[in-house]
Amino acid sequence: PAVENINAKEGVIKMHEDWADRATTGIFFWFLVSGWALFQSRKSKPLKNYTKVLVSVFGIITMLLLTAAAFYGGKISHPNL
């Protein structure tokens with residue numbers, strides 16, 4: 001990363017990058033679960049409740065991961081902007 005023009009402790013940048021990696025992984029798994037639910041919805045029957053709950057839980061977990069990444073990213077100062 002281009003750290004030379006950023007006023008932040010190295011630990012904050014590392015935390016931001018770690019949470020961003022976790023959020024990216026969360027988005028990937030949410031995509032897989034959502035795709036599975038979409039495939040299930042192709043049948044004439046309505047989606048089962050556990051499928052709706054699973055997609056919702058993965059969405060909430062992903063939202064929390066993105067919130068953590070944004071929180072640490074907000075602590076990084078960019079004086080050149």
Side-chain angles (χ1 to χ4, degrees):
V3 183
E4 59 272 356
N5 291 330
I6 298 175
N7 291 335
K9 294 182 180 177
E10 186 65 33
V12 174
I13 296 171
K14 178 79 170 113
M15 289 292 289
H16 171 64
E17 290 175 348
D18 289 346
W19 281 105
D21 288 342
R22 291 176 188 137
T24 302
T25 303
I27 290 170
F28 175 74
F29 283 112
W30 189 26
F31 168 76
L32 290 178
V33 171
S34 299
W36 174 72
L38 183 63
F39 181 75
Q40 293 294 319
S41 71
R42 292 173 43 128
K43 299 176 184 175
S44 60
K45 298 178 188 176
L47 280 176
K48 296 184 175 161
N49 283 337
Y50 72 86
T51 304
K52 295 175 189 176
V53 169
L54 194 61
V55 171
S56 298
V57 166
F58 270 87
I60 291 169
I61 290 171
T62 302
M63 179 192 65
L64 293 173
L65 293 171
L66 287 167
T67 301
F71 173 75
Y72 287 110
K75 293 184 175 288
I76 300 172
S77 173
H78 298 274
N80 56 340
L81 296 179

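Reckoned from all heavy atoms, side chains included, excluding hydrogens, waters and symmetry mates.
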Problem set entry | Test item: Trp30 side-chain N/O and Val55 main-chain N/O as donor-acceptor pair under 3.5 Å | yes
Exercise. Is Ile27 reachable from Val57 through a run of I, L, V, M, F, W or Y residues, each pair having side-chain heavy atoms under 4.5 Å apart?
Worked result: no
Problem set entry | Backbone of Gly26 reached by a side-chain donor or acceptor of Thr62 within 3.5 Å | yes
For this session: Locate the shortest heavy-atom distance separating Ala20 from Ala69; write the atom from each residue and the value.
Result: N-CB, 3.8 Å
Exercise. Can Trp36 be reached from Leu32 by stepping across I, L, V, M, F, W or Y side chains whose heavy atoms are under 4.5 Å apart?
Worked result: yes
Problem set entry | Atom pair NZ (Lys48) and CG (Leu54), whose distance is rounded to the nearest 0.5 Å | 13.5 Å
Problem set entry | Transitive ILVMFWY side-chain link Phe39 to Phe31, under 4.5 Å | no
Exercise. For the side chain of Ser41 and the backbone of Leu38, is there at least one donor-acceptor N/O pair under 3.5 Å apart?
Worked result: yes
For this session: Return the minimal non-hydrogen interatomic distance between Ala23 and Leu65, and the atom names on each side.
Result: CA-CB, 3.8 Å
Exercise. If two hydrophobic side chains count as joined below 4.5 Å and joins carry through other members, does Phe71 share a cluster with Ile61?
Worked result: yes
Exercise. Any chain of hydrophobic side-chain contacts (each under 4.5 Å) joining Val33 to Tyr50?
Worked result: yes
Problem set entry | Rounded distance (nearest 0.5 Å) linking atom NZ of Lys75 with atom NE2 of His16 | 13.0 Å
Exercise. Is the shortest side-chain N to carboxylate O distance from Asp18 to Arg22 below 4.0 Å?
Worked result: no
